[in-house]
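Handing you a structure now.
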Amino acid sequence: MRSVLSLFLVGLLSHACSSHALTFPIHVRSRADVPSAAGRLSARAANGHTLLPVLNTQNSEYIANITLGGREIPVLLDTGSSDLWVTGSIPQTTDLGMPESLSYAVGAAKGDINSATLQFGNYTVQDQAYLLVKNISSFSINIEAEGFQGLIGLGPNTGSVLRDKMDDPKGDSVLARIFQQNTTSSNYMSVLLSREGDPNSVSSGYMTISEIVPGFDAISSMPKLSVSKDHKLTDLDQHWQTYTDVDGLIGPDGNPIKYDSIVPSAPDGQLAVVFDSGFTLPQVPRAVSDAIYGRVQGAEWNTQYGAWTIPCSQMLNISFKFGGQTYPIHPLDVSSSDFNIVNSNGETVCLGTFQPISTSAFSLLGEYDMILGMAFMRNVYTLFDYGNFVEDTSVDLGDPFIQLLSTTNATAAHEAFVQVRLSGTDSTGDASQALLPASQEQHSPESEEEKKQEYEEKVLSRWPEIFVGCLAFVLIVTGIIVWRCCFVRRRKNRAAAAAKGLLPTNNMGSPSSYKQLAGSSTATLVSMQNMEGKHV
Ligand SMILES: *[C@@H]1O[C@H](CO)[C@@H](O)[C@H](O)[C@H]1NC(C)=O
Ligand SMILES: *[C@@H]1O[C@H](CO)[C@@H](O)[C@H](O)[C@H]1NC(C)=O
Ligand SMILES: *[C@@H]1O[C@H](CO)[C@@H](O)[C@H](O)[C@H]1NC(C)=O
């Protein structure tokens, strides 16, 4: 029994590791003609502030520069992971001789752990650990052609694989190292992302450390969304995640999209979401994606992309609710014209960006329902407060939290959509744009692999309960066997002996045999807990 249980746990751990790897753009499209962002020039990069400019590559990647070992390197900003890796050569670096591999939804970064001096904005970190990746051919996308040569993970420090491997504070993530340098400043980071092809978008995105982008101070009064900690086995699985409100996803017909969370600890009617700037397309349950696009006239399932396509003229309004606030999604983010897709009639169509969650992103441990990637994150100015995710500081920094300030005004977004997609003529009220009745909603095909994963998730997400159940079963069965073997036999013997007049008959059983039974089962429980503890 014990070896079976330990195999079960090892299986769980390998799933945990693969579900941890949930970052990076899943679909990077070919270069397409994107309307140039004729955005008003932002006067926000005011003096005295450290605003790190964030480059937008066709709404598919958000990139900032770091300087590492003397070389300036464009890196992808990824709130869904916690490690730094770069490719190419670094002039001044120390190879620590520890090979490591970091996996992502689009491939693995393999190399040696190195350390070098890092500059990020105004901050300098000595001996920053990072992975120097020699070979990037294992990625399914051409990273350098996409304009970046590395990735900086901005997730919680506990999620850092390098830190785990090095088992040394020098292995801490970049932001943890920065926050540890000054324990009196607040330890938060904020991100503002631009939208290409939207005449109203900010002209440049920014990232800040421990300060707020000027003009966006209202974020301080937004509700503090607590970071849910649903990881089952290891802190490596911790992400920037929280719950929506009850009925917190409003579909295109203005009604909440009904969906039962797969997260066992999710409060009724709420959904667990991860904010991940490394995903181009938000990953949502299939039923949710169908509810958003399946009632659009002319909607078609695209097998190649594993996503819906709809006519580009179709305006869809959806919104999310967090902490009692409503966050509308810009219709230009609900469908994307950047992918150059044609439907079965040869017409150019737009891609439904809220994609059914891919099998590489699905949470087998049942830790979250959705990954809200860039098409969501463009609609909010986001503040991530690391609180006591940051260790090795003398002060208690409180619980981590997330604040979201909406940057999308539904009315202005409607006007922008009419201008960009409908050449200025508002046809969004036409009969051809009306949603089909709910009874005529189309449903996308579910793969065998997904069905299998759903089943596995149901088991794996409840493993503590199953473990306790198994244990109780073992104890009861052992108890019955021991009772039957010893107690019943002894009683029979006693009864026989008593019948023969050898013993007194007032005794219900041997107390000493009970004590042994109770003692040995407690020992079993303790050793099983130890075993569990070791695996974690
Ligand atoms: C990164 O640095 C290069 C070279 O100095 C510059 O051309 C580019 O605009 C910078 N990118 C960002 C996002 O700041
Ligand atoms: C630490 O942060 C505080 C508040 O932002 C700032 O006033 C102080 O100068 C910083 N100290 C150092 C050593 O950078
Ligand atoms: C979407 O929302 C905008 C702004 O609230 C509104 O003007 C428009 O009629 C809505 N469109 C649809 C199709 O619901």
Side-chain angles (χ1 to χ4, degrees), residues 23-25 28-29 31 34 36-81 83-93 116-125 128 130 132-133 136 141-155 173-175 178 189-198 201-216 276-280 338 373-375 377-378 381-384 407:
T23 45
F24 228 77
V28 175
R29 72 262 133 116
R31 305 253 151 181
V34 178
S36 69
R40 44 169 203 267
L41 269 179
S42 167
R44 286 187 179 122
N47 285 339
H49 287 280
T50 316
L51 304 180
L52 282 133
V54 175
L55 180 80
N56 176 348
T57 312
Q58 298 184 314
N59 291 334
S60 276
E61 286 122 25
Y62 289 92
I63 295 167
N65 282 341
I66 60 168
T67 303
L68 190 62
R71 182 180 136 217
E72 189 170 46
I73 310 171
V75 291
L76 192 80
L77 295 179
D78 184 14
T79 60
S81 66
D83 290 293
L84 172 67
W85 64 262
V86 300
T87 181
S89 66
I90 302 295
Q92 294 129 32
T93 187
T117 303
L118 171 98
Q119 272 124 17
F120 191 37
N122 269 3
Y123 298 88
T124 300
V125 180
Q128 173 64 50
Y130 69 99
L132 184 54
V133 178
I136 50 172
I141 56 170
N142 184 342
I143 283 159
E144 281 177 331
E146 292 296 329
F148 61 100
Q149 289 152 29
L151 174 148
I152 185 166
L154 305 170
S173 68
V174 171
L175 284 184
I178 289 175
M189 174 270 288
S190 80
V191 206
L192 180 69
L193 303 179
S194 67
R195 180 180 299 106
E196 268 186 24
D198 171 11
S201 167
V202 292
S203 57
S204 170
Y206 294 108
M207 183 187 149
T208 64
I209 297 172
S210 300
E211 55 186 300
I212 287 168
V213 176
F216 290 81
D276 189 340
S277 66
F279 267 99
T280 303
D338 300 338
M374 304 172 198
M377 291 187 71
R378 276 192 285 276
Y381 171 48
T382 316
L383 184 151
F384 296 102
T407 54

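We count ligands from 1, going down the list as the structure has it; atoms in each ligand are counted the same way.
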side-chain contact (heavy atoms from CB on, under 4.5 Å) between Leu68 and Arg71, intermediate numbers included: CA-CA 5 Å; Leu68 190 62; Arg71 182 180 136 217; 5.8 Å; no

Ile73 and its side-chain contact (heavy atoms from CB on, under 4.5 Å) partner, picked from Asn65, Leu118, Leu84, Ile90: Ile90

Min side-chain heavy-atom separation Thr93-Tyr130 under 4.5 Å: yes

Numbering as shown, the atoms of ligand 1 that approach Leu55 to under 4.0 Å (heavy-atom distance): 13 (C)

Taking atom 14 (O) of ligand 1 as the reference point, the nearest protein heavy atom with its distance: Asn65 ND2, 3.4 Å

Stepwise side-chain contact (heavy atoms from CB on, under 4.5 Å) test for Thr67 and Phe120: CA-CA 7 Å; Thr67 303; Phe120 191 37; over 6 Å; no

Min side-chain heavy-atom separation Glu61-Thr280 under 4.5 Å: no

Closer than 4.0 Å: a protein non-hydrogen atom to atom 5 (O) of ligand 1: yes

Heavy-atom gap Pro53 to ligand 1 smaller than 4.0 Å: yes

Any protein heavy atom nearer than 4.0 Å to atom 9 (O) of ligand 1: no

Distance filter under 4.0 Å to Ile63 heavy atoms, resulting ligand 1 atoms: 13 (C)

